[in-house]
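The structure's right below; bear with me while I get my questions together.
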Amino acid sequence: MASKFYIDNLAKHVGQTVTLQGWLYNLRSSGKIKFLLLRDGTGVCQGVMVKSVVGEEMFAKADQLTQESAFAMTGTVRAEQRAPGGFEMDVTNIEIISVAKEYPITPKEHGVEFLADRRHLWLRSSRQHAIMRVRHEIIRSIREFFAGRGFTLLDAPIFTPAACEGTSTLFETDYFDLGKAYLTQSGQLYGEAGAMALGKVYVFGPTFRAEKSKTRRHLTEFWMVEPEVAFNDLNDNMDLAEDFLEHIVSNVLKNRMPELKTLERNIQKLEAVKRPFPRITYDQAVEILQKNGVAFEWGNDLGATDETIISEQFDRPVFVHRYPSEVKAFYMKRDPQNPKVALAVDVLASEGYGEIIGGSQREDDYDVLLQRLKDHDLPQEAFDWYLDLRRFGSVPHSGFGLGIERTVSWICGLEHVRETIPFPRMIYRITP
RNA sequence: UCCGCGGUAGCUCAAUGGCAGAGCAUGCGGCUGUUAACCGCAGGGUUGUAGGUUCGAGCCCUACCCGCGGAGCCA
């Protein structure tokens with residue numbers, strides 16, 4: 001098979017005659033010259049077709065091309081200052097592969113609902129390309145980070161017999177003769193089993209929440225990466241999260257600058273994401289809120305507006321640790337110094353993007369954990385295997401979960417997480 | 001579930017209670033360097049639904065439907 005040519009590789013083919021295959025992004029024409037913008041997924045290249053060069057027939061052929069028609073364009077590659085990508089093609093021939101019907105997404109503005117209904121087509125636009133590439137870079141960086149530190153990927157099941165945390169509303173389904181099954185809301189408990197087996201593991205997969213949340217930060221189906229490490233305490237956990245976030249952001253800056261430019265992201269704000277990140281206790285967070293005139297009572301969980309106020313005090317992500325144990329999950333270990341607080345930690349992204357990481361040191365004592373299950377009215381049978389992890393060689397261990405879509409949204413500087421995943425699932429949207 | 005905002009041409013939007021419009025898209029014509037190209041012409045409407053007030057309703061009133069994003073909950 002003959003080698004293919006792609007737009008992101010044109011620099012190596014200046015002066016050569018090549019053929020590009022793709023779709024018509026836009027067409028501008030005068031009486032004797034046409035500018036054909038071809039996109040091939042790697043970029044957009046402008047082809048210049050001159051009537052006196054290609055002849056009457058070929059020149060007229062280009063008139064059949066509607067927006068998003070598929071075609072092949074052959075010509076000589078030339079460096080061109082005026083072209084956005086730096087290169088142009090002097091077209092000698094085009095082959096029409098398929099003529100597109102009237103394309104609904106025009107180069108002008110559209111509303112989000114209109115675009116969401118056509119998400120399968122919306123993905124062709126340059127802004128969505130940029131977001132998908134940044135998402136790809138983030139996920140690639142995550143795998144690279146853990147692989148480089150000796151972690152093993154541990155895939156957790158999607159079908160689970162009961163709630164992991166006992167708080168969220170879960171999607172329910174029938175599971176043959178075994179009764180109800182639920183779509184996972186977290187792979188963490190399985191990650192803990194993995195950490196006891198392999199030391200350092202990470203779970204990476206989709207998670208599901210049936211809560212009727214209608215905000216720019218919520219999806220019903222989203223991706224989460226959850227490292228879990230044996231013998232790590234809360235401070236080790238924060239060290240890991242700090243290294244992790246810095247690694248991700250620096251990789252995006254290093255490898256996806258053109259995409260960030262397309263998204264008009266403020267680069268300085270991302271460049272500020274360097275270790276060390278500030279670490280404040282919940283108590284200190286409450287002080288910040290009270291200083292800013294919020295009537296906040298100790299013991300409540302931080303709300304979305306509270307998180308925004310706190311994150312605005314810093315130029316980089318901030319750790320908030322040692323929350324009141326009442327508002328946190330059953331498996332989080334209480335602070336031996338102060339049993340009223342849990343060894344929990346959240347990371348609030350800068351610029352008001354909210355909670356991107358939630359984690360904790362886990363309760364490793366069998367009797368305490370059993371009591372916590374009872375306190376939360378959780379079915380003990382379903383957690384019997386989890387209690388085994390405390391029966392057989394229990395050790396201190398910690399982990400956290402990072403929401404991929406919120407991270408993409410923050411790094412790209414987006415208004416809404418719906419653009420961060422190819423096909424978002426929200427309470428009132430399951431298509432396309 | 002609660003609070004707020006919205007629904008007018010294919011799309012984005014305008015229209016003191018007084019002839020329903022513009023830009024883009026589409027079609028036709030023009031233009032040899034365009035960058036969301038430009039210029040000219042044309043087609044395109046049950047103003048979310050059902051009632052009500054009024055000489056007259058896109059606009060005011062009532063109910064309903066749909067959507068949006070915020071709260072709660074969370075990543």
Side-chain angles (χ1 to χ4, degrees), chain A residues 25-37 44-54 59 63 66-68 78 80-85 88 90 100-118 121-122 125-127 164-170 184-188 206-226 241 300-308 327-329 346-349 353-359 400-410 415-418 420-421 426-429:
Chain A
Y25 197 64
N26 203 355
L27 174 92
R28 288 180 282 271
S29 76
S30 297
K32 291 165 187 164
I33 185 168
K34 289 186 200 297
F35 301 96
L36 294 79
L37 270 66
V44 175
C45 177
Q46 174 162 275
V48 183
M49 182 189 264
V50 178
K51 194 177 191 176
S52 60
V53 173
V54 298
F59 196 74
D63 288 333
T66 53
Q67 192 185 354
E68 287 301 316
R78 174 168 48 76
E80 170 59 64
Q81 293 278 322
R82 289 171 289 187
E88 272 189 357
D90 289 320
K101 301 263 191 287
E102 189 178 329
Y103 193 66
I105 300 177
T106 68
K108 287 277 182 175
E109 283 176 64
H110 297 285
V112 285
E113 193 190 346
F114 178 84
L115 291 168
D117 284 339
R118 293 157 186 78
L121 302 177
W122 189 16
S125 68
S126 59
R127 190 179 157 79
C164 290
E165 306 186 7
T167 53
S168 302
T169 317
L170 304 184
T184 185
Q185 59 168 318
S186 166
Q188 183 208 310
T207 48
F208 308 87
R209 304 278 167 94
E211 269 143 7
K212 293 192 172 178
S213 296
K214 278 184 64 174
T215 81
R216 69 183 67 188
R217 300 180 305 281
H218 287 88
L219 298 169
T220 55
E221 177 182 323
F222 64 98
W223 285 68
M224 191 154 65
V225 57
E226 301 173 281
N300 291 337
D301 204 355
L302 301 175
T305 47
D306 304 324
E307 289 179 354
T308 301
V327 300
K328 288 294 180 184
D346 285 353
V347 175
L348 309 181
Y353 275 89
E355 186 183 343
I356 53 170
I357 280 181
F400 61 85
L402 172 91
I404 297 298
E405 287 72 22
R406 285 189 184 174
T407 303
V408 176
S409 187
W410 165 53
E415 285 297 311
H416 199 300
V417 289
R418 87 185 117 212
T420 65
I421 187 166
M426 297 178 290
I427 60 173
Y428 292 126
R429 176 172 296 283

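Quick note on labels: first sequence line is chain A, next is B, and so on, each numbered from 1. Just so you know, these numbers come straight off a predicted model, no measurement behind them.
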Hits for side-chain contact (heavy atoms from CB on, under 4.5 Å) against A/S29, two or more places apart or cross-chain, chain-then-number order -> A/K34
Can you tell me if A/H218 touches the phosphate of B/A75, counting only side-chain N or O atoms and a distance under 4.0 Å to OP1 or OP2? no
Hey, is A/R406 close enough to A/E355 for a salt bridge, meaning N to O under 4.0 Å? no
Here RNA chain B, pairs taken as Watson-Crick or G-U under 3.5 Å and shown with ( ), [ ] when crossing and | when to another strand, reads (((((((..((((....[..)))).(((((.......))))).....(((((..]....))))))))))))....
Side chain of A/V50: nearest nucleotide among B/U32, B/G33, B/G69? B/U32
Is there a side-chain contact between A/F222 and A/V417 in this structure, where contact means two heavy atoms from C-beta onward sitting under 4.5 Å apart? no
Under the side-chain contact (heavy atoms from CB on, under 4.5 Å) test, residues paired with A/T308 that sit two or more places apart: A/E312
Tabulate protein N/O versus nucleotide N/O from nucleotides 7-11 of chain B, keeping only pairs under 3.5 Å, one per line.
residue	atom	partner	partner atom	Å
B/C11	O2'	A/E109	O	3.0
B/C11	O2'	A/H110	ND1	2.5

Pairwise side-chain contact, A/W223 with A/T207, heavy-atom cut-off 4.5 Å (strictly under): no
What's the gap between B/C5 and B/A9 when it is taken at their P atoms, as a whole Å value? 23 Å
Classify every nucleotide of nucleotides 37-47 of chain B by which part a protein heavy atom approaches to under 4.0 Å, writing B for the base, S for the sugar-phosphate alone and - for neither, in 5'-to-3' order. B----------
With a non-hydrogen cut-off below 4.0 angstrom, is A/Q46 in contact with a base, only sugar-phosphate, or nothing? base
Categorize A/G303 for me: base, sugar-phosphate, or nothing, with a 4.0 angstrom heavy-atom threshold over every strand shown. sugar-phosphate
Quick one: label A/I357 by what it contacts on the DNA or RNA (base, sugar-phosphate, nothing), any heavy atom closer than 4.0 Å. sugar-phosphate
Any residue meeting side-chain contact (heavy atoms from CB on, under 4.5 Å) with A/R418, in chain and number order, not counting sequence neighbours: A/V112, A/H416, A/P424, A/M426
Using the aromatic ring of A/F35 (for Trp, its six-membered ring), decide whether it stacks on the base of B/G33 within the limits of 5.5 Å and 30°. no
